[in-house]
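A short write-up of the structure that comes next.
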Amino acid sequence: MNVMVVGGGGREHAIIRKLRENPQIGDIYALPGNGGIAADAFCVNVGATDIDGIVEFVKGHPVDFAVVAPDDPLAMGCVDRLNALGIRCFGPVKDAAIIEASKVFAKDLMKKYGIPTAKYETFTEMDKALAYLEDAPIPTVVKADGLALGKGVIIAETREEAKEAVRSMMEEKKFGASGDQIVIEEFLTGPEVSVLSFTDGKTIVPMVSSQDHKRALDGDQGLNTGGMGTVAPNPYYTPEVAQRCMKEIFLPTMEAMNAEGRTFKGCLYFGLMITEDGPKVIEYNCRFGDPETQVVLPLLESDLFTIMEAVADERLAEVEVKFADKYSCCVVMASGGYPVSYEKGFDLQIGAMDENVDVFVAGAKLEDGALKTSGGRVLGVTAVADSLEQAIADAYANVDKIHFEKAYYRTDIGQRALAAERK
Ligand code: AMP
Ligand code: GLY
């Protein structure tokens, strides 16, 4: 059984490591993969958004199953194209990936099916959006409709900032066509929880919860990034919250997609905020989160490939999905200056890691057999332990064994979760 994984970041590295635990899997091809993934899979120089290139590769190689991990190829219909060739896939078809690819679609879906989320208005005309902001409650949140590399969300603390956000999206086209439509929504407060789930459209199985750290600097200061670290489980996701989420959010979302003729098969990601009125959806993603995957999959005790095949074949209810009763922490190491401007091409040295620690490489390439940094987020160091405190300590102890020039990482990953646990 040969598997192709589309993507080339830390998330894909974590997926590939987990797939490698299944002895039935022969070759794994990563398109494009990266210098770190090259130790675990054959990296093929085809970009994740080069759908024609991916299709050509599959035609010429013995691929039995595909995992399409990033949002862009999913939104572009990569799974539809592969399915048409008879390749079974883990990941939603284009019509279902819209749950992430269009925020207007996601908001309208939630409104239609009574799924709790922030109140909102959508706009296709800038003048109407600006007029609405004249007496909208402040702070407010302005979101570009389409995919925008996680940067299309602006929390505006003042009316002027909100208007500026609208102009940047609709007039200056800062996010291209993603800003042709926008959502302006109510600002919610409360702790955030990420829940990834496996679903085949008939059954939905939440994975262990996690907490992302999106801001660049300690104390949740600085710019939003692709994620600077994660911990799992998330202490705010209590059994009571989990029960409410299943009843009010997870099952209704799966059923809503079915009712719309957009059955979702793959990993459906719920970005939740636990407000005083209960859990609400901040965003849906049509894929595994990054760097959530780097803490969630190391806790998965069941075989990932067995689950992925069951999702593709719509028999998820028949397989076991079990997580270890442990804790994990992932610290992302970035190149100094990320997410604004940073240098690449530094020598990357990774020492011997402790037995409970994994390094998932995101931005590095091999040059003459040596690893060089090639991205803003370079790698993530994940430790698994019997307590959150120990997982955090072990992750940081191993970060100290990794070296590249201008390495930068947050020093407080997991501290909020730890404080919440102690309450
Ligand atoms: P998103 O890209 O939709 O995940 O948004 C990025 C971040 O913006 C989220 O993780 C939240 O921290 C924040 N955010 C998005 N929507 C809201 C909202 N309605 N109220 C408060 N914060 C929000
Ligand atoms: N970590 C957030 C995301 O993957 O979108």
Side-chain angles (χ1 to χ4, degrees), residues 7 9-12 14-15 69-72 74-75 97 99-107 110 116-122 136-157 161-162 165 169 175 178-179 182-197 207 209-216 220-232 234 236 266-277 279-297 330 332 339 360 362 377 380 413 416:
R11 163 184 57 203
E12 287 77 8
I15 291 171
D71 47 2
D72 286 309
L74 290 166
I99 198 166
E100 171 171 5
S102 168
K103 289 195 174 14
V104 171
F105 171 86
K107 295 297 292 191
M110 289 186 269
T117 188
K119 292 197 197 74
Y120 72 103
E121 298 286 338
T122 63
I138 297 292
T140 190
V141 185
V142 182
K143 300 185 173 184
D145 175 53
L147 299 176
L149 299 169
K151 297 188 178 77
V153 174
I154 294 175
I155 314 274
E157 306 282 349
E161 243 179 88
M169 289 175 193
F175 306 109
S178 287
I182 62 164
V183 174
I184 300 182
E185 71 177 27
E186 179 194 11
F187 174 74
L188 299 176
T189 53
E192 287 184 57
V193 177
S194 304
V195 179
L196 321 185
S197 69
M207 300 180 219
S209 62
S210 55
Q211 180 178 30
D212 195 3
H213 297 67
K214 285 198 170 123
R215 301 294 199 97
D220 293 326
Q221 301 295 308
L223 294 171
N224 258 322
T225 70
M228 293 301 294
T230 32
V231 291
N234 184 322
Y236 291 102
C267 174
L268 182 53
Y269 166 129
F270 299 88
L272 306 169
M273 196 171 265
I274 314 303
T275 73
E276 283 187 351
D277 300 332
K280 295 192 179 180
V281 178
I282 289 285
E283 64 163 347
Y284 291 118
N285 291 324
C286 66
R287 53 174 172 84
F288 282 100
D290 189 343
E292 283 90 341
T293 306
Q294 291 92 311
V295 285
V296 168
L297 289 187
C330 173
V332 169
F360 299 122
R377 287 191 298 173
I413 300 302
R416 281 207 181 173

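Worth saying up front: this structure is predicted, and the values here are computed from it rather than measured. Ligands are counted one by one from 1 in listed order, and the atoms in each one are counted from 1 as well.
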Give the atoms of ligand 1, by number and element, whose distance to some non-hydrogen atom of Phe187 is under 4.0 Å.
20 (N), 21 (C)
Examine Glu192 against ligand 1 and note whether any of their N/O atoms are separated by less than 3.5 Å.
yes
Donor + acceptor pair across side chains of Thr117, Lys107 (<3.5 Å):
yes
Take Lys143 and Glu121 through the salt bridge (Lys or Arg N to Asp or Glu O under 4.0 Å) test and state the conclusion after the steps.
CA-CA 11 Å; Lys143 300 185 173 184; Glu121 298 286 338; over 6 Å; no
With a 4.0 Å cut-off on N to O distance, would you call Glu100 and Arg287 a salt bridge?
yes
Ser178 side chain to Asp145 backbone, donor-acceptor under 3.5 Å:
no
I'd like to check which ligand 1 atoms, numbered from 1 as shown, lie under 4.0 Å from a non-hydrogen atom of Lys143.
3 (O), 15 (C), 16 (N)
Of all the atoms in ligand 2, which lie at a distance below 4.0 Å from a heavy atom belonging to Asp212?
1 (N), 2 (C)
With distance as the sole test, does Thr230 use its side chain to make a donor-acceptor pair with the main-chain N or O of Val295 at under 3.5 Å?
no
Going by an N to O cut-off under 4.0 Å, is there a salt bridge joining Glu283 and Lys214?
yes
For Val153, atoms of ligand 1 separated by under 4.0 Å from a heavy atom
1 (P), 2 (O), 3 (O), 5 (O), 8 (O), 15 (C)
Check ligand 1 against Ile155 and write out every atom of the ligand that is under 4.0 Å from a heavy-atom position of the residue.
8 (O), 13 (C), 14 (N), 22 (N), 23 (C)
Is Met273 close to ligand 1, meaning an N/O of one under 3.5 Å from an N/O of the other?
no
Rounded to the nearest 0.5 Å, what's the gap from OG1 on Thr140 to CZ on Phe187? Could you check?
10.0 Å
Are any of the N/O atoms in Glu185 less than 3.5 Å from those in ligand 1?
yes
Only heavy atoms of Asn285, strictly under 4.0 Å: list the atoms of ligand 2 that pass.
3 (C), 5 (O)
Can you name the atoms of ligand 2, numbered from 1 with element, that are less than 4.0 Å from a heavy atom of Gly289?
4 (O)
Side chains of Tyr269 and Glu292: is there a donor and an acceptor less than 3.5 Å apart?
yes
One finds that the ligand 1 atoms under 4.0 Å from a non-hydrogen atom of Ile282 are 15 (C), 16 (N), 17 (C), 18 (C)
Pick out which of Arg215, His213, Arg416 makes a side-chain hydrogen bond (donor to acceptor under 3.5 Å, both in side chains) with Asp220.
Arg416
Judged by non-hydrogen atoms, does Phe288 sit under 4.0 Å from ligand 2?
no
Out of Arg287, Glu292, Glu283, whose heavy atom is nearest to atom 5 (O) of ligand 2?
Arg287
